[in-house]
Number of protein chains: 2
Amino acid sequence: MAGPPRLTPQHPDPLPASSSPGGRATILDVAAAAGVSRQTVTRAMNGMSGISAATKQRVLAEAERLDYRPSRFGRGLVTGGDHQLGLVVNDLRNPYTPQLASAVFRLAAEQGWNVMLADVDLASDADRMVQALGAQTDVVIGYLGSRRERWNELLGTVPMVELDPYAEPPTAAVWIDPADAIEVLADHLVATGVRHPVVLDNSSPEHTSVRGVLMMDALQRRGYLPELVHAEHGTAECGAEETVRILARKRRLDAILAFNDVMALGVLQACRRAGVDVPGDVRVVGVDGLPLGSLVAPTLTTLAVDLDAVAREALDLALGMLSGALPRQGAAVQRTVRHSLLLRESA
Amino acid sequence: MAGPPRLTPQHPDPLPASSSPGGRATILDVAAAAGVSRQTVTRAMNGMSGISAATKQRVLAEAERLDYRPSRFGRGLVTGGDHQLGLVVNDLRNPYTPQLASAVFRLAAEQGWNVMLADVDLASDADRMVQALGAQTDVVIGYLGSRRERWNELLGTVPMVELDPYAEPPTAAVWIDPADAIEVLADHLVATGVRHPVVLDNSSPEHTSVRGVLMMDALQRRGYLPELVHAEHGTAECGAEETVRILARKRRLDAILAFNDVMALGVLQACRRAGVDVPGDVRVVGVDGLPLGSLVAPTLTTLAVDLDAVAREALDLALGMLSGALPRQGAAVQRTVRHSLLLRESA
DNA sequence: CTGAAAGCGCTTACAG
DNA sequence: CTGAAAGCGCTTACAG
């Protein structure tokens with residue numbers, strides 16, 4: 001009746017070739033160590049039913065001893081995993097960036113999406129970061145600047161939504177358009193008696209920014225002869241330095257239109273230190289509408305943009321492309337969000 | 001010589017059961033559609049060598065037609081995937097947060113780590129976010145506050161490094177300790193002739209913050225009878241509102257120590273509007289050392305913390321635990337970073 | 001309560 | 001240049 005005696009006990013799972021010499025412990029290592037099958041390990045690790053308290057405890061102890069952590073890839077492969085969104089930004093320390101990122105995070109979370117962030121401004125290996133982002137996410141949103149073609153290549157099949165493109169984009173994009181607000185602002189400057197405005201652009205002499213061009217044009221069409229100043233960085237420090245130079249050079253000057261709010265904050269600071277009254281002597285205007293602008297004195301007049309709207313449009317495009325409801329090219333995947341003049345004290 | 005004729009062409013890969021009705025196309029769908037094997041699809045998708053231009057083009061065309069994107073799980077399972085770090089923060093719109101996040105991102109990127117961010121402050125489903133974060137990352141760093149026990153459970157086997165714990169933590173942690181700087185500050189207040197300081201805490205009457213307690217204690221030991229004011233939120237608005245109340249109530253008052261820089265900015269604004277000179281009438285001090293504090297007038301004196309150091313210690317702990325060089329419990333996985341007094345104009 | 005089987009979607013050898 | 005085989009680490013049925 002009895003068959004030949006089994007000399008070796010039947011092992012529930014084949015022993016792993018080597019118990020991970022160098023690599024992480026796997027579910028089979030734990031199973032072997034605890035003398036159970038891998039699905040019993042799964043039950044213990046995930047708090048599932050159908051396992052005795054004693055077995056569970058023994059498995060968990062072995063798992064801890066082996067420093068076992070389930071692979072997110074193995075698990076994701078079978079469970080499907082979560083939806084993941086990549087966000088490319090330029091410098092988290094610029095107050096604009098977290099304002100945008102926060103809006104994206106909030107909306108994404110509402111839809112059950114996780115967000116991975118890549119700050120490519122301070123990165124020496126931005127290409128690697130973008131590629132890694134693409135490898136870990138289902139869709140990428142962000143500021144791509146002049147590197148968008150290269151990054152679009154790097155991202156391969158991962159759909160991309162560009163924010164604030166500097167020129168007609170090859171992919172989906174959300175334009176952030178200051179043109180209308182600039183017209184309103186120019187009218188406001190005329191109405192308040194400005195005579196000699198300066199545009200403080202964040203750009204190089206070879207390449208004026210789009211918003212710099214729009215500002216100059218709107219002023220010229222109203223009969224102004226505005227000066228255009230190029231500042232290398234869009235920071236408060238740079239804004240302050242350029243303002244010191246401008247004030248030293250120009251006798252007549254009664255308005256400074258800065259490229260963004262952060263630079264305008266530097267302008268305000270430089271004026272304050274030079275004893276120049278804002279808005280009495282010089283009116284100052286920023287762009288972005290950061291809450292920060294209402295913390296300084298005088299509070300900052302600015303061309304505000306609704307970053308919640310930017311985030312909403314971007315996510316809408318991203319999810320639309322993913323679901324197949326939207327194409328991945330062409331006019332159907334372009335949206336526009338416009339600035340609006342936010343009058344505070346500085347102009 | 002010739003064998004029996006093959007009536008049906010040999011298919012390189014078995015046809016997928018159904019060409020993904022509802023799900024995403026897989027590599028087998030593309031292989032079938034292009035009439036090649038899956039490894040040829042891999043070659044085409046990943047720009048590998050060993051594939052003819054014609055085949056590659058045909059495969060890529062089919063991939064595009066089927067909207068095929070390789071699964072990051074399938075790929076990660078075999079390639080090992082990247083190292084991924086989770087960061088839990090409280091509110092990206094608070095300027096402190098991006099400053100910290102930026103430091104973590106920069107250091108993580110230097111070591112080839114990607115970062116996933118979860119902002120749990122504005123989230124209704126913070127628990128789900130933390131769990132999702134744990135599922136996608138190898139280690140989690142962050143501000144956990146009173147929810148740290150629950151989240152530690154949720155994270156399961158994912159190691160955790162708590163930042164700025166409010167009390168002795170069960171896990172690895174980086175303390176951010178203002179005690180020394182507060183002593184230096186208190187001496188400074190004495191030296192500059194302050195008589196009637198107020199501590200503006202971000203807390204409830206039932207539970208004063210650690211730093212509030214330290215401030216009160218340091219002042220009392222120097223013979224002061226400081227008043228403690230509880231502000232509900234750590235925002236500029238709240239700081240301004242409380243300051244208005246304090247100014248209306250107290251005739252004698254010559255220093256306000258705010259819970260953080262952002263609140264202190266609100267204090268400065270309220271003083272400015274009330275015609276109270278800072279630092280002439282009232283000295284104002286914040287905590288954090290945000291760059292922002294040097295953009296206002298007067299510039300903000302503050303207890304600064306080196307967030308690069310915080311990020312460095314946190315990453316060091318995280319990577320140490322992951323490599324097994326560090327235990328996952330106990331004193332060995334606790335670090336401390338101290339504030340220091342940064343004297344600017346407001347005190 | 002526990003385990004044997006199958007399979008998630010990919011890539012990396014290896015063979016031709 | 002192309003394909004057959006094996007396997008990454010896990011979970012989900014299913015069988016006992």
Side-chain angles (χ1 to χ4, degrees), chain A residues 9-20 22-32 34-59 63 66 68-81 135-136 138 156-157, chain B residues 9-20 22-32 34-59 63 66 68-81 135-136 138 156-157:
Chain A
Q10 182 93 325
H11 216 90
D13 262 311
L15 276 173
S18 63
S19 51
S20 57
R24 257 167 57 172
T26 73
I27 196 171
L28 288 184
D29 295 317
V30 178
V36 297
S37 70
R38 72 229 271 181
Q39 42 275 62
T40 294
V41 176
T42 287
R43 291 188 186 102
M45 296 303 297
N46 297 342
M48 300 163 72
S49 63
I51 183 173
S52 75
T55 306
K56 181 172 181 175
Q57 191 182 339
R58 184 159 40 96
V59 170
L66 296 173
Y68 168 64
R69 274 163 287 131
S71 152
R72 63 175 182 272
F73 299 112
R75 174 177 288 165
L77 197 52
V78 55
T79 63
Q136 302 295 343
D138 303 304
T157 54
Chain B
Q10 185 90 325
H11 214 91
D13 262 311
L15 277 172
S18 62
S19 51
S20 59
R24 257 166 55 173
T26 75
I27 195 170
L28 288 184
D29 295 318
V30 177
V36 298
S37 70
R38 70 228 274 182
Q39 41 276 63
T40 294
V41 176
T42 286
R43 292 188 186 101
M45 296 304 297
N46 298 342
M48 299 163 72
S49 62
I51 183 173
S52 74
T55 306
K56 182 172 181 175
Q57 189 182 343
R58 184 158 39 94
V59 170
L66 295 173
Y68 168 65
R69 274 163 286 131
S71 151
R72 62 174 183 271
F73 299 111
R75 172 177 289 164
L77 196 52
V78 55
T79 63
Q136 302 294 342
D138 303 304
T157 53

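Note that this is a predicted model, so its numbers are computed, not measured. Below, chain A is the first sequence line, B the second, and so on; all start at residue 1.
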Participant: Measure from CZ on A/Arg69 to P on D/dG9 and round the result to the nearest Å.
Facilitator: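 About 14 Å, once rounded to whole Å.
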Participant: Check whether any side-chain nitrogen or oxygen of B/Ser37 sits under 4.0 Å from OP1 or OP2 of D/dG3, and answer yes or no.
Facilitator: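 Checking B/Ser37 against D/dG3: at least one side-chain N or O falls below 4.0 Å of OP1 or OP2.
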Participant: Identify the heavy atoms of A/Val36 and A/Arg58 that sit nearest to each other, and give their distance.
Facilitator: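 Closest approach of A/Val36 to A/Arg58: CG1-NH1, 4.0 Å.
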Participant: I need the minimum non-hydrogen distance between B/Leu77 and A/Ser71, along with the two atoms involved.
Facilitator: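 In this case the closest contact between B/Leu77 and A/Ser71 is CD1-OG, 4.2 Å.
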Participant: Can you tell me the distance, in whole Å, between the CG atom of A/Leu28 and the C1' atom of D/dG7?
Facilitator: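 For the pair A/Leu28 CG and D/dG7 C1', the rounded distance is 12 Å.
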Participant: Let me know the distance between CZ of A/Arg24 and P of D/dG9, rounded to the nearest Å.
Facilitator: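 That distance rounds to 10 Å.
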Participant: Defining pairs by Watson-Crick or G-U wobble geometry with both distances under 3.5 Å, how would you list the stems of DNA chain C with at least three pairs each?
Facilitator: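 Stem segments, range with range: C:1-3 with D:14-16, C:5-12 with D:5-12, C:14-16 with D:1-3.
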Participant: Just list the side-chain donor-acceptor pairs under 3.5 Å for residues 46-55 of chain B, sequence neighbours left out, or say none.
Facilitator:
residue : atom : partner : partner atom : Å
B/Asn46 : OD1  : B/Arg75 : NH2          : 3.1
B/Ser52 : OG   : B/Thr55 : N            : 3.1
B/Ser52 : OG   : B/Thr55 : OG1          : 2.7

Participant: Using a cut-off of 4.0 Å on non-hydrogen atoms, how would the nucleic acid contact of B/Ser49 be classed: base, sugar-phosphate, or nothing?
Facilitator: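 It contacts nothing in the nucleic acid.
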Participant: Out of D/dT2, C/dT2, C/dC10, which nucleotide sits closest to the side chain of B/Ser52?
Facilitator: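 The answer is D/dT2, which lies nearest to the side chain.
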Participant: Kindly give the atom pairs (protein nitrogen or oxygen, nucleotide nitrogen or oxygen) under 3.5 Å for nucleotides 14-16 of chain D.
Facilitator:
none

Participant: Tell me, please, which residues at least two apart from A/Ile27 pass side-chain contact (heavy atoms from CB on, under 4.5 Å).
Facilitator: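 Testing A/Ile27 for side-chain contact (heavy atoms from CB on, under 4.5 Å), a comparison that skips the adjacent residues, returns A/Arg38, A/Val41, A/Thr42, A/Tyr68.
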Participant: In whole angstrom, what separates B/Arg58's CZ from D/dC1's P?
Facilitator: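 Roughly 14 Å, once rounded to whole Å.
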Participant: Round to the nearest Å and state the distance from A/Met45 atom CE to D/dT12 atom P.
Facilitator: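 Taking CE of A/Met45 and P of D/dT12, I get 14 Å after rounding.
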Participant: Starting at atom CD of A/Gln57, determine the distance to atom P of C/dT2, rounded to an integer number of angstrom.
Facilitator: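 Rounded to whole Å, this separation is 13 Å.
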Participant: For B/Arg69, enumerate each residue passing the salt bridge (Lys or Arg N to Asp or Glu O under 4.0 Å) test, keeping only those at least two apart in sequence or located in another chain.
Facilitator: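 Salt bridge (Lys or Arg N to Asp or Glu O under 4.0 Å) check on B/Arg69 returns B/Asp67.
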Participant: If I take atom CZ in residue A/Arg38 and atom P in nucleotide C/dA4, what distance separates them, rounded to the nearest angstrom?
Facilitator: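 The answer, rounded to whole Å, is 10 Å.
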Participant: Output the rounded distance in Å from CD (A/Gln39) to P (D/dG9).
Facilitator: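 Rounding to the nearest Å, CD of A/Gln39 and P of D/dG9 are 16 Å apart.
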Participant: From the list C/dG9, D/dT2, D/dG9, which nucleotide is the closest neighbour of the side chain of A/Thr26?
Facilitator: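 Comparing C/dG9, D/dT2, D/dG9 against the side chain of A/Thr26, the answer is D/dG9.
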Participant: I need the residues from residues 71-79 of chain A with at least one non-hydrogen atom less than 4.0 Å from DNA chain C; give them sorted by number, or say none.
Facilitator: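 Going residue by residue through residues 71-79 of chain A, the ones with a heavy atom under 4.0 Å of DNA chain C turn out to be A/Leu77, A/Val78.
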Participant: Would you mind classifying the nucleic acid contact of A/Ile51 as base, sugar-phosphate or nothing, using non-hydrogen atoms under 4.0 angstrom?
Facilitator: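 Sugar-phosphate, backbone atoms only, no base.
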Participant: Does a side-chain N or O from B/Thr42 land closer than 4.0 Å to OP1 or OP2 of C/dC10, or not?
Facilitator: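 Negative; the distance criterion is not met.
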Participant: For B/Val30 and B/Val59, work out which heavy atoms get closest and say how close.
Facilitator: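 Heavy-atom minimum between the residues: CG1-O, 4.0 Å.
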Participant: Is any side-chain N of the basic residue among A/Arg72 and B/Asp138 closer than 4.0 Å to the acidic one's carboxylate O?
Facilitator: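 So A/Arg72 pairs with B/Asp138 through a salt bridge.
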